[in-house]
Amino acid sequence: MSPKERRGVMNALKLRRLRRILKKINARADEMSALTDAELSAKTAEFKERLQSGKTLDHILVEAFAAMREADKRILGLFPYDVQVLGGLALHFGYIIEMKTGEGKTLTATLPLYLNALEEKGAILVTTNDYLAKRDAMEMSPVFSFMDLKVGVGVYEEDEEVDAKRKREIYASDITYTTSTALGFDYLADNLAGDKKGKFLRPFHYVIVDEADAVLLDSAQTPLIISGVPRVQSNLYDVCNQFVLTLHEEEEYHFNREDKAVYLTVKGGHYAENYFNIPNLYDSSYFELNRHINLALRAHHLYKKDVDYVVVDNEVKLLDNRTGRILEGTRLQSGIHQAIETKEGVKKTKDSRSVASVTYQSLFNMFPKLSGMTGTGKIAEDELISTYRVSVIVIPTHKPVIRQDFPDQIYVTLPEKLAATLTYVKKLHAKGQPVLLISGTVDIAEIYSRMLLQEGIVHSVLTAKNVAKEALIIKEAGQKGTVTIATSLAGRGTDIKLGEGVAELGGLAVIGTERMPNSRIDWQLRGRAGRQGDPGLSQFFVSLEDELVQQYGGKRATCYFEENNHHQRSDYGQPLRQRRHQRILKQAQAKSEDRSVLARQSTIKFDESLRVQRQKIYALRDELIYDEKNLSQKVDHIVDEVISQYLASNSGLTERSLRRYILDNFSYQFQEASLPVSIDNQVAVKRYLKSLYYSEMSRKAERLQTEEKKSEFLRLSILHAIDACWLEQVDNLQQLKNFVSLRQAAQRSTMTEYYQESLRSYDRMCQAVKETVLRNVMLSTIESDGNTGYSIYFV
Ligand code: ADP
């Protein structure tokens with residue numbers, strides 16, 4: 001059996017199990033429809049009671065689905081089809097369901113959301129943009145309210161002030177509609193909170209991710225980052241920039257254009273050691289130098305002026321290399337922006353550091369139950385299983401798909417392709433068939449738009465700029481005579497209904513103007529036509545000059561352009577009909593897909609240690625915030641440990657160094673003429689240091705008056721220590737990752753080294769936290785303001 005056949009069999013087996021449950025749900029339909037409204041909505045309380053008395057979700061599954069299905073019918077006027085119930089069941093069992101566009105995923109999700117919300121731990125549905133989150137919440141909330149459940153929306157207007165209290169209400173809702181970005185940033189914000197008042201999330205319970213492959217795979221490359229205080233500016237940028245200018249390619253550095261990698265050769269390493277007069281460039285004490293050399297190398301070789309960025313008004317501004325537009329306000333992270341600024345001799349901007357960051361992989365893996373919906377998931381199943389441990393189940397369509405997907409029309413050059421596309425659009429348009437032309441980039445979309453204008457064909461252009469407005473336009477894309485040009489993201493999630501008489505003309509025609517970086521996107525585009533058994537067609541036009549082919553097609557694709565005068569070919573303007581061209585295209589796309597998979601795997605590997613450490617730190621913070629008992633003892637213990645550690649690592653203690661230690665850690669005002677202990681007697685020194693601590697503590701206790709305030713003080717002292725050190729650590733790991741990935745390119749290092757070093761730095765951080773706790777407790781000042789309030793100032 002081929003892997004594909006095996007998957008088919010597996011899918012059928014999974015569906016069979018769900019169908020058995022569906023049958024039982026169908027059998028309860030009449031009973032549910034006989035209930036009065038009041039009886040139906042009272043089901044919610046009844047289910048909750050049963051759960052509280054020890055029943056599980058699976059016990060009430062059949063009845064709850066049947067009840068919610070009836071409610072959907074009564075309130076929304078939509079009775080979920082059998083296939084939607086199957087989809088809902090799969091979502092409940094933690095699958096990613098592949099359900100074609102237009103099959104009604106929004107309604108499908110109401111069933112598992114309802115069931116899982118009954119446990120009163122919250123159920124979340126994330127979509128890809130604010131507009132969809134608000135729209136789905138608005139459309140579905142009547143049925144949830146009818147069933148006595150509360151719906152919250154986790155996205156806000158731009159100018160809306162949203163405090164923790166409001167967010168707590170939203171996340172306390174039974175069902176929350178939000179976006180993956182909003183949820184990610186809320187997770188980070190929640191874990192930056194200093195006390196209970198600032199916390200607002202409940203522990204994660206159940207989530208359904210809409211467009212699961214896009215969110216869980218395609219966007220998972222870029223972590224969400226909260227940036228903060230700028231890092232100290234270093235002059236290493238300048239010296240390394242100078243240094244790099246003296247290097248010769250293939251002598252001191254190696255530049256691999258295809259992999260976009262540039263690094264020092266062994267010879268280059270030695271040359272650097274000479275140049276900077278250091279023993280070993282790869283020693284950890286020259287970490288920063290090495291990092292800056294690599295930044296300068298990359299700035300000089302991987303970033304081209306007027307291609308990747310422009311210099312305007314003494315500023316480096318990035319260009320979107322697919323559209324050629326300036327990306328206002330976007331900056332490269334981790335020093336590369338500064339390295340480019342140095343190369344161009346403009347004023348360096350401040351390099352901000354990341355305070356907190358999380359990837360979608362980490363975020364969604366925190367949910368005990370993760371499920372998702374997408375039009376195209378099966379293709380990526382292996383990766384979804386390995387990354388998220390969720391498998392994919394293909395839900396059959398309600399009606400058979402009768403859309404015709406034509407094989408690609410392949411041309412040699414871009415102009416040939418453009419001309420052919422235009423001819424085809426004109427032909428369809430002449431008979432009134434609606435056309436949706438989808439291109440990969442904004443500039444190609446604009447070229448098509450100009451060509452259509454020249455032909456006098458009225459059309460709309462959507463480039464995913466104004467989601468809400470574009471949703472309205474794309475809704476109309478199925479009307480007779482309509483021509484719509486869109487980029488692949490524009491108007492997604494919006495249903496295109498066919499206008500009157502359009503079905504007779506063959507339905508909506510989707511025309512792809514190039515193959516996308518992965519075949520899942522191609523299928524999403526095709527899927528805009530032929531929804532719910534409608535007629536329709538899809539046709540892609542490609543050329544060997546397309547970016548995908550140029551980048552990944554290899555020699556066989558580009559050989560055409562090496563021949564002279566290929567524009568005067570006798571077959572100019574004719575499509576290429578040989579099988580091998582289809583194959584070139586397929587392989588180029590496969591190569592592009594493999595690249596992305598590899599890149600994502602590497603992100604996951606790097607993220608792993610950050611994830612583990614972040615979870616430990618966040619758990620520790622929560623323990624402090626929610627469980628304040630024994631803080632006094634905890635701090636006593638920490639102080640004891642820090643002092644012992646200090647003494648153990650300073651065997652040749654002098655009076656002078658001990659004084660310094662006391663001034664730095666115990667008291668700024670330490671002025672005693674002579675120390676009251678003999679410096680050689682470690683036990684006595686320790687006792688003395690502890691006595692300084694105890695007397696400071698009792699002074700502070702007096703100031704703070706109540707036990708409650710004292711414990712608040714201790715909690716803040718620890719939290720501040722953790723936050724300050726963790727902030728350093730997040731930044732450290734970020735730097736380390738950049739460093740190691742460069743060394744990896746130079747094959748000097750491996751992932752193992754990264755893990756080891758990140759573990760070591762974590763241990764160093766834990767030690768630093770304890771030392772900071774001691775300083776916070778000892779060196780902070782408390783000022784009371786008025787009768788009840790007081791402020792604490794940490795150093
Ligand atoms: P998807 O997200 O799967 O592309 P939508 O949730 O946007 O699909 O739904 C597509 C359309 O199908 C909507 O107009 C919706 O009202 C309609 N629809 C969904 N389920 C049903 C149903 N059971 N009966 C009738 N219409 C339905």
Side-chain angles (χ1 to χ4, degrees), residues 22 25-26 29 32-33 65-66 68-91 96-114 125-129 131-143 177 179 208-215 371-378 392-399 401 403 436 467-468 470-472 474-479 486 488-499 507-508 510 520-521 523-534 536:
L22 167 69
I25 295 169
N26 281 337
M32 291 299 164
S33 75
F65 263 55
M68 188 61 190
R69 197 183 189 188
E70 174 64 23
D72 281 334
K73 184 178 89 185
R74 267 186 222 185
I75 307 302
L76 305 175
L78 306 170
F79 185 66
Y81 304 126
D82 280 2
V83 286
Q84 289 175 313
V85 175
L86 287 178
L89 287 168
L91 289 172
I96 287 180
I97 59 169
E98 176 174 309
M99 217 168 161
K100 298 273 170 286
T101 315
E103 288 293 297
K105 291 191 254 314
T106 322
L107 184 70
T108 300
T110 58
L111 302 168
L113 284 173
Y114 173 71
L125 190 134
V126 303
T127 59
T128 44
N129 64 50
Y131 166 76
L132 292 175
K134 285 184 214 162
R135 186 197 68 182
D136 290 356
M138 202 179 73
E139 287 180 2
M140 298 298 123
S141 65
V143 66
Y177 283 86
T179 65
I208 302 178
V209 182
D210 192 13
E211 299 212 29
D213 53 341
V215 175
S371 65
M373 321 189 271
T374 163
T376 46
K378 203 67 186 169
V392 179
I393 181 165
V394 181
I395 306 293
T397 51
H398 178 56
K399 291 185 188 154
V401 179
R403 182 188 63 234
L436 176 60
V467 186
E470 293 181 3
L472 288 177
I474 205 146
K475 237 179 169 165
E476 300 304 314
Q479 299 299 318
S488 61
L489 290 183
R492 66 175 168 188
T494 302
D495 199 30
I496 305 177
K497 290 200 171 80
L498 297 186
L508 177 68
V510 167
R520 277 183 286 118
I521 307 181
W523 283 104
Q524 282 160 21
L525 304 187
R526 292 189 214 281
R528 300 258 176 109
R531 57 179 278 293
Q532 297 180 359
D534 283 344

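FYI, the numbering just counts along the sequence from 1. Here the structure is a predicted model, which means the values were calculated and not measured. Atoms within each ligand, like the ligands themselves, are counted from 1 in listed order.
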A.B. asks: Before you tell me yes or no, could you show the steps for Glu103 and Gln84 under side-chain contact (heavy atoms from CB on, under 4.5 Å), namely the whole-Å CA-CA distance, both residues' side-chain angles and the distance that decides it to 0.1 Å?
C.D. replies: CA-CA 8 Å; Glu103 288 293 297; Gln84 289 175 313; 5.8 Å; no

A.B. asks: Answer with yes or no whether Met373 contacts ligand 1, where contact means a heavy atom under 4.0 Å from a ligand atom.
C.D. replies: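 The answer is no, since Met373 has no heavy atom less than 4.0 Å from ligand 1.
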
A.B. asks: Just jot down the ligand 1 atoms closer than 4.0 angstrom to any heavy atom of Thr106, in number order.
C.D. replies: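 Those of ligand 1 that fall under 4.0 Å from Thr106 are 5 (P), 6 (O).
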
A.B. asks: Within the side chain of Glu98, is there an N or O that forms a donor-acceptor pair under 3.5 Å with the backbone of Lys378?
C.D. replies: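 Checking the backbone N and O of Lys378 against the side chain of Glu98, a donor-acceptor pair under 3.5 Å is found.
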
A.B. asks: Can you tell me which residue and heavy atom of the protein come closest to atom 25 (C) of ligand 1, and the distance to 0.1 Å?
C.D. replies: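 The answer is Tyr81 OH, 3.2 Å.
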
A.B. asks: Using a 4.0 Å cut-off to any heavy atom of Gln84, which atoms of ligand 1 qualify?
C.D. replies: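 The atoms of ligand 1 under 4.0 Å from a heavy atom of Gln84 are 19 (C), 20 (N), 21 (C), 22 (C), 23 (N).
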
A.B. asks: Could you tell me whether Leu78 and ligand 1 have an N or O pair separated by under 3.5 Å?
C.D. replies: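 No.
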
A.B. asks: Work out whether the distance between some heavy atom of Glu103 and some atom of ligand 1 is less than 4.0 Å.
C.D. replies: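 In this structure, Glu103 qualifies as a contact of ligand 1 - some heavy atom is under 4.0 Å.
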
A.B. asks: Should you measure from each heavy atom of Thr101, which atoms of ligand 1 turn up under 4.0 Å away?
C.D. replies: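 Near Thr101, meaning under 4.0 Å from one of its heavy atoms, ligand 1 has 4 (O).
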
A.B. asks: Cation-pi check for Trp523 against Arg526: NZ or CZ below 6.0 Å from the six-membered ring centre and within 45 degrees of the axis, yes or no?
C.D. replies: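 Judged by the rule, Arg526 and Trp523 form a cation-pi pair.
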
A.B. asks: Please name all residues satisfying ring-ring contact (aromatic ring centres under 6.0 Å, His included) with Tyr131, sequence neighbours left out, ordered by chain then number.
C.D. replies: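 Tyr131 satisfies ring-ring contact (aromatic ring centres under 6.0 Å, His included) with no other residue.
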
A.B. asks: Salt bridge or not between Asp82 and Arg69? Use side-chain N to carboxylate O under 4.0 Å.
C.D. replies: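 Looking at Asp82 and Arg69, the cut-off is met.
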
A.B. asks: Taking 4.0 angstrom as the limit and counting only heavy atoms of Asp495, give me the atoms of ligand 1 inside it, by number and element.
C.D. replies: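 Counting from 1, the qualifying ligand atoms are 10 (C), 11 (C), 13 (C), 14 (O).
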
A.B. asks: Among all protein heavy atoms, pick out the one at the shortest distance from atom 8 (O) of ligand 1; state its residue, atom name and that distance to 0.1 Å.
C.D. replies: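 Protein heavy atom with the smallest distance to atom 8 (O) of ligand 1: Gly104 N, 3.2 Å.
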
A.B. asks: Show the numbers, then the answer: is there a salt bridge (charged side-chain N to carboxylate O under 4.0 Å, His left out) between Asp495 and Lys105?
C.D. replies: CA-CA 11 Å; Asp495 199 30; Lys105 291 191 254 314; over 6 Å; no

A.B. asks: Counting from 1, what ligand 1 atoms have a heavy atom of Lys497 closer than 4.0 Å?
C.D. replies: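 Near Lys497, the atoms of ligand 1 are 14 (O).
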
A.B. asks: Report the residues that fulfil side-chain hydrogen bond (donor to acceptor under 3.5 Å, both in side chains) with Tyr177, sequence neighbours left out, ordered by chain and then residue number.
C.D. replies: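 By the side-chain hydrogen bond (donor to acceptor under 3.5 Å, both in side chains) rule, Tyr177 matches no residue at all.
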
A.B. asks: Among all the protein's non-hydrogen atoms, which is closest to atom 1 (P) of ligand 1, and how far away is it?
C.D. replies: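 That would be Gly102 N, 3.4 Å.
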
A.B. asks: List the atom of Gly527, the atom of Thr101, and the distance in Å for their closest heavy-atom pair.
C.D. replies: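 What the structure gives for the nearest pair is O-CB, 3.4 Å.
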
A.B. asks: Under 3.5 Å, N or O to N or O, is Leu107 touching ligand 1 that way?
C.D. replies: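 No, Leu107 has no N/O under 3.5 Å of an N/O on ligand 1.
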
A.B. asks: What distance separates Met68 CE from Ile75 CD1, expressed to the nearest 0.5 Å?
C.D. replies: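 Between atom CE of Met68 and atom CD1 of Ile75 there are 9.5 Å.
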
A.B. asks: Hey, is ligand 1 close enough to Lys105 that some N/O pair sits below 3.5 Å?
C.D. replies: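 In this structure, Lys105 places an N or O atom under 3.5 Å from an N or O of ligand 1.
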
A.B. asks: Please state which protein non-hydrogen atom is closest to atom 17 (C) of ligand 1 and give its distance, to 0.1 Å?
C.D. replies: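 Of every protein heavy atom, Gln532 NE2, 3.9 Å lies nearest to atom 17 (C) of ligand 1.
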
A.B. asks: Counting only heavy atoms on the protein side, is anything nearer than 4.0 Å to atom 15 (C) of ligand 1?
C.D. replies: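 Flag for atom 15 (C) of ligand 1 set to false, no protein heavy atom closer than 4.0 Å.
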
A.B. asks: Rounded to the nearest 0.5 Å, what separates atom CG in Leu91 from atom CG in Leu113?
C.D. replies: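 So the CG of Leu91 and the CG of Leu113 are separated by 8.5 Å.
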
